[in-house]
Amino acid sequence: MRDEDIGAALLGWYDTHARVLPWRVGPADRARGVRPDPYRVWLSEIMLQQTTVAAVRDYFHRFTARWPNVAALATARDEDVMAEWAGLGYYARARNLLKCARAVVSDHGGRFPETRDGLLTLPGIGPYTAAAIASIAFDEAATVVDGNVERVTARLFAVETPLPGAKAELTALAARLTPRERPGDHAQAMMDLGATICTPRIPTCGICPLRAFCKGQAEGVATDLPRKTPKAAKPTRYGIAYLGRRADGAVLLERRPERGLLGGMLGWPGTDWTGAEPAPAPPAEANWREVPGEVRHTFTHFHLVLRVETALLPVGANPQRGHFVPGTEFRADDLPTVMRKVHDLASLPATGD
DNA sequence: GATCCGTGGGG
DNA sequence: TCCCCAAGGAT
């Protein structure tokens, strides 16, 4: 078996089975020589970091409708971008998205660098994303390694080394497969294969275009690969969120610090989230009342249980923390999911249970 | 290299 | 219910 045979089989499959996605150039346009728009490739790749295609779709449409090119995005207000990103998670991506757009405009004449190394210098663009943009948008034979490629490669070559330690080994194997011709299609084919056939749990090896080449399949271990070192259990933290309203409909919100969890996003003032019973920390003097029930939410590395308290604040109130947002400007969808859950619990009609 | 950083869907 | 995990990057 030659690596070239594997690449040819993969591209043959891709030409007939490629998924239609909003940020891809369709076969008809591609045959006409149309190249993908680097802005759309970049935006989609940032959104797709650790995020499923299904979750990204609507966000991609909203972003490109509102900001059709990198120049438009570069002039957007921070709070508008953060609000548009709300619910998609990993909010550092949105902060770096803006930094990157502004750097492209101010340092690169409004055009994305056309090489992997050039792209790597931009905020929010790491090894994966740089290689993906360089190959898809600019036809550079860069090796693209994401979770799909790691899985496909580990199975194809029956690599038993567990992740994340196997990363360098898998990257070297993926590099062997990367062709000079159509490297972008090759990369997308690897990822499509991993997303639709060579899936984590129950791969459908029976219809895999690479079955004849797959060492993991031959040895009967494909489904068990890649091996992974076990993860630590998630602890549970507890906190109190304070949802203050004024009679005129304004709500008391707080912009979170740029760094850290939910950085740069709006949220309800609250206590720290700790492993023990939280010490009350209301943002203003008021008759705070506990809302029945609780909010449960799981972040990447801990579970959170939140108690919610509400109060009607006087129109002349001068809270120690946060700022009032007029009811006409407030939209719960602009908040990260855990904060939206707090709003939903507090807004629920009392059911008596 | 190890940690931190969201969310929703699937088994 | 619980765990896994998805087109990762920054520190």
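Values below: all heavy atoms of this structure, side chains included; hydrogens, waters and symmetry mates excluded. Labels below follow one simple rule: chain letters A, B, ... track the order of the sequence lines, proteins then strands, and each chain is numbered from 1.
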For [N], does either OP1 or OP2 sit under 4.0 Å from a side-chain N or O belonging to [X]?
| X | N | result |
| --- | --- | --- |
| A:His297 | B:dG6 | no |
| A:Arg151 | C:dA6 | yes |
| A:His301 | B:dC5 | yes |

> Contact class for A:Thr300 (heavy atom, under 4.0 Å): base, sugar-phosphate, or nothing?
Replying inline: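 The residue A:Thr300 makes base contact.
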Under 4.0 Å from any atom of DNA chain B, heavy atoms only: list the residues of [range] that qualify, in numerical order.
| range | value |
| --- | --- |
| residues 229-240 of chain A | none |
| residues 36-68 of chain A | A:Gln50, A:Thr51 |
| residues 78-92 of chain A | A:Gly87, A:Leu88, A:Gly89, A:Tyr90, A:Tyr91 |

> With A:Asp78, which of A:Arg102, A:Lys99, A:Arg95 fulfils salt bridge (Lys or Arg N to Asp or Glu O under 4.0 Å)?
Replying inline: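 It is A:Arg102; the other options fail the test.
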Between [N] atom [atom2] and [X] atom [atom1], what is the distance in whole Å?
| X | N | atom1 | atom2 | value |
| --- | --- | --- | --- | --- |
| A:Leu163 | B:dA2 | CG | C1' | 15 Å |
| A:Gln188 | C:dA6 | CD | C1' | 17 Å |
| A:Leu304 | B:dT7 | CG | P | 11 Å |
| A:Arg95 | B:dC4 | CZ | P | 16 Å |
| A:Leu193 | C:dA6 | CG | P | 14 Å |
| A:Leu119 | C:dG9 | CG | P | 12 Å |
| A:Leu261 | C:dA10 | CG | P | 18 Å |
| A:Lys167 | B:dA2 | NZ | P | 14 Å |

> Is A:Arg256 positioned over the aromatic face of A:Trp273, cation under 6.0 angstrom from the ring centre and no more than 45 degrees off axis?
Replying inline: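 Pair A:Arg256/A:Trp273 counts as cation-pi.
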> Should the pair A:Arg93 and A:Tyr90 be classed as cation-pi, given the thresholds of under 6.0 Å to the six-membered ring centre and 45° from the axis?
Replying inline: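 The answer is no, since A:Arg93 fails at least one limit relative to A:Tyr90.
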> Mind checking whether A:Tyr242 and A:Trp288 have ring centres under 6.0 Å apart?
Replying inline: yes
> Of the nucleotides B:dG8, C:dA6, B:dC4, which has the atom closest to the A:Arg340 side chain?
Replying inline: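 Of the options given, the side chain of A:Arg340 lies nearest B:dG8.
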Quick one: are [X] and [Y] in side-chain contact, heavy atoms under 4.5 Å?
| X | Y | answer |
| --- | --- | --- |
| A:Phe330 | A:Leu253 | yes |
| A:Ser44 | A:Val56 | no |
| A:Pro226 | A:Glu150 | no |
| A:Pro203 | A:Thr223 | yes |

Within 6.0 angstrom of [X] [atom1], more than 12 heavy atoms from elsewhere:
| X | atom1 | result |
| --- | --- | --- |
| A:Arg111 | CZ | no |
| A:Arg227 | CZ | yes |
| A:Arg321 | CZ | yes |

> Would you say the side chains of A:Lys341 and A:His297 form a donor-acceptor pair under 3.5 Å?
Replying inline: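 Looking only at side-chain atoms, A:His297 and A:Lys341 do form a donor-acceptor pair, the distance falling under 3.5 Å.
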> Please, which pairs that meet ring-ring contact (aromatic ring centres under 6.0 Å, His included) have at least one residue in residues 4-40 of chain A, sequence neighbours excluded?
Replying inline: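 Residue pairs passing ring-ring contact (aromatic ring centres under 6.0 Å, His included), neighbours aside: A:Trp13-A:His17, A:Trp23-A:Phe60, A:Tyr39-A:Trp42.
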>> Using 0.5 Å steps for rounding, measure from the CD1 atom of A:Ile133 to the CD1 atom of A:Ile125.
In response: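 Interatomic distance, A:Ile133 CD1 to A:Ile125 CD1, rounded to 0.5 Å: 4.0 Å.
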> When Ile, Leu, Val, Met, Phe, Trp and Tyr are grouped by side-chain heavy atoms lying under 4.5 Å apart, directly or through other members, which residues fall in the same group as A:Val25?
Replying inline: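 Reading the cluster by chain and number, A:Val25 sits alongside A:Val34.
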> If the P atom of C:dT11 is compared with that of B:dG6, how far apart are they to the nearest Å?
Replying inline: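 That atom pair is separated by 14 Å.
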Atom pairs under 3.5 Å, N or O on each side, protein against nucleotides 9-11 of chain B: can you list them with distances?
from: B:dG10; atom 1: N2; to: A:Arg201; atom 2: NH2; distance (Å): 3.4

Who pairs with [X] by side chain to side chain contact (heavy atoms under 4.5 Å, CB included), at least two apart in sequence or on another chain?
| X | value |
| --- | --- |
| A:Pro278 | A:Tyr238, A:Ile240, A:Thr271 |
| A:His108 | A:Pro113, A:Leu122 |
| A:Ala222 | A:Arg155 |
| A:Ser135 | A:Val144, A:Pro183, A:Ala187 |

> In residues 121-138 of chain A, which ones come under 4.0 Å of DNA chain C, going by heavy atoms?
Replying inline: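 Residues of residues 121-138 of chain A that come under 4.0 Å of DNA chain C are, in numerical order, A:Pro123, A:Gly124, A:Ile125, A:Gly126, A:Pro127, A:Tyr128, A:Thr129.
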> Which residues within residues 252-260 of chain A lie with some heavy atom under 4.0 Å of an atom in DNA chain C?
Replying inline: A:Arg259
